Number of protein chains: 2
Amino acid sequence: MSQADTVTRILDSAEELFAEKGFAETSLRMITTRAKVNLAAVNYHFGSKKDLIQAVFARFLSPFCTKLDRELSVMAAANSEPGLRDVLDVLARTMLTGVNSTAGTRKLSVFMRLLGLAYTQAQGHLRRFLKENYHQTYSRFILYLRAAHPELSPREIFWRIHFAIGACVFTMSSIEVLREMSRADTGEDSGVEDVMNQLIPFLAAALER
Amino acid sequence: MSQADTVTRILDSAEELFAEKGFAETSLRMITTRAKVNLAAVNYHFGSKKDLIQAVFARFLSPFCTKLDRELSVMAAANSEPGLRDVLDVLARTMLTGVNSTAGTRKLSVFMRLLGLAYTQAQGHLRRFLKENYHQTYSRFILYLRAAHPELSPREIFWRIHFAIGACVFTMSSIEVLREMSRADTGEDSGVEDVMNQLIPFLAAALER
DNA sequence: TCACGTTTTAAACGGTCGTTTTAAACAATC
DNA sequence: GATTGTTTAAAACGACCGTTTAAAACGTGA
């Protein structure tokens, strides 16, 4: 087994388990057992559990932010005064890239769940890491939102966008629990795509009022 | 120190710590140290950590559901065809009861945070406990929502209300992190009440579209 | 093939966890 | 005031945690 194999398998297992259980509830032994590697491999390749958590986030956030930055530039080049809808479309398209399969949908779900953990379970080190590495892209995104709605105060923009993030993150974080509740309540299954198709107009109505 | 003192102080400390850190990150030693009681007191009075978690939820959910049930009955008696706004007002008023002080606002924040944990961190036992004890009130609430909007499918109702819950729960769960981010971004402080005053019209726009 | 740097392995470390045990302190009853 | 049931106290239990160690296995260029 090559080094790349070991590192990748640790990251894959850790990502799944963190998303499923959270950081504290996931032990290195669970991760290494699922990844079929030796327990010491995590400390050898990553240094510590904290570093592994950061690596898991870096693996999906770095390409995401790179792509988002590029897409924002494309948008700005094509449209000198992008509206709210344009900016959100860029975000949605960037997030949904490659989400046309069941595997892709699960990827998005994991992405959202990890994002939620970053807010609600963040040990200080993770928040510092995220701010240090991804704050620039975040700021740029917010700036376009402000430009699109100069009549709203920065605070109003901030909170509206985070209410929306909350609805997304919560829904996707608890998606399995919620689908089961929905099934019990209504007798019908709700596919993840059905849920998304309801979530987007819901948020649009709230953001654009 | 009377038994009531010990039990109450354990519940108080556990509630604060669970809301702040989550279940797994809060040890019985933290709880008993803060409560200034002996470590063994939790197992003696509650049986186990799981039972303590359930007791924390029961202490604030039982009176809440009792009150909500009563208020729903009052509403139904006064109005044979309550609208969405009526039903949500009942919920909001029930939740905001006694939230006119700083202490009250913190209580609400803790309430929301615990509710969020129930969805996202729930160990199976907690979800089973909540369903067993509080599902009836929940169902009744949902029924009024359905009656208010018979043109919407039960599934649409379910998801819209949970998107809204998500925005609330996420916001209140991460309120301190978010306020700090907002401060860093905009240079202004956002009081919790300011946030609520923005959240409510945000949700109203999304639910009533 | 040998030597050497890298990676994997098995075992152990110290520490914290939830829980249990045993005895002491307390409160209420007769 | 002795007795009985309840509550508190200190200490220990085994289990699991993240991490470290030291040796074995591996791969590669000389």
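Values in this document were obtained by computation on a predicted structure and should not be read as measured data. Chain letters run A, B, ... following the sequence lines, proteins first, then strands; residues in each count from 1. Just the heavy atoms: all of them, side chains too, but no hydrogens, waters or symmetry mates, feed the values below.
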Partner residues of H135(A) under the ring-ring contact (aromatic ring centres under 6.0 Å, His included) criterion, sequence neighbours left out
Y138(A)
Would you mind listing every side chain to side chain donor-acceptor pair (under 3.5 Å) that reaches into residues 110-121 of chain B, with sequence neighbours excluded?
Y119(B)-H162(B)
Quick check: are there more than 12 heavy atoms from other residues, nucleotides or ligands sitting under 6.0 Å from CZ of R183(A)?
yes
Taking side-chain hydrogen bond (donor to acceptor under 3.5 Å, both in side chains) as the definition, give me every residue that meets it alongside S190(A), ordered by chain and number, with sequence neighbours left out.
S182(A), R155(B), W159(B)
Figure out the CD1/C1' separation between I10(B) and dT19(C), and round it to whole Å.
14 Å
In whole angstroms, the gap separating P of dG18(D) from CG of L28(A) amounts to 4 Å
Gap between atoms CG and C1', on D5(A) and dG27(D) respectively (whole Å):
15 Å
Report the C-alpha separation of Y134(B) and F57(B) in whole Å, then their side-chain angles, then the decisive distance to 0.1 Å, and conclude whether the ring-ring contact (aromatic ring centres under 6.0 Å, His included) test is met.
CA-CA 11 Å; Y134(B) 306 107; F57(B) 274 83; 8.9 Å; no
Does the side chain of H45(A) get closer than 4.0 angstrom to OP1 or OP2 of dT8(C) through an N or O atom?
yes
Quick check: on DNA chain C, is the nucleotide nearest R29(A) upstream (toward 5') of the one nearest A41(A), or the reverse? Name the residue that is more 5'.
A41(A)
What's the CZ-P distance between F46(B) and dT20(C), to the nearest Å?
16 Å
Categorize T32(B) for me: base, sugar-phosphate, or nothing, with a 4.0 angstrom heavy-atom threshold over every strand shown.
nothing
Establish, from distance only, whether the side-chain atoms of T8(A) and R59(A) form a donor-acceptor pair under 3.5 Å.
no
Decide whether S48(B) and D51(B) meet the rule of one side-chain donor and one side-chain acceptor closer than 3.5 Å.
yes
Rounded to the Å, how far apart are I31(B) CD1 and dT16(C) P?
17 Å
What does the B/S/- profile of nucleotides 20-25 of chain D look like, 5' to 3', with a 4.0 Å heavy-atom cutoff to protein?
B-----
Return the value, rounded to whole Å, for the distance between atom NZ of K21(A) and atom C1' of dC17(D).
16 Å
Contact under 4.0 Å: S48(B) side-chain N or O vs dG18(C) OP1/OP2
no
To the nearest 0.5 Å, what is the distance between CD (E180(A)) and CG (D185(A))?
11.0 Å
Could you list the residues that satisfy side-chain contact (heavy atoms from CB on, under 4.5 Å) with E16(B), not counting sequence neighbours?
R34(B)
Within residues 49-58 of chain B: residues closer than 4.0 Å to DNA chain C (heavy atoms)
K49(B)
Between dC16(D) and S27(A), is there an OP1 or OP2 to side-chain N/O distance shorter than 4.0 Å?
no
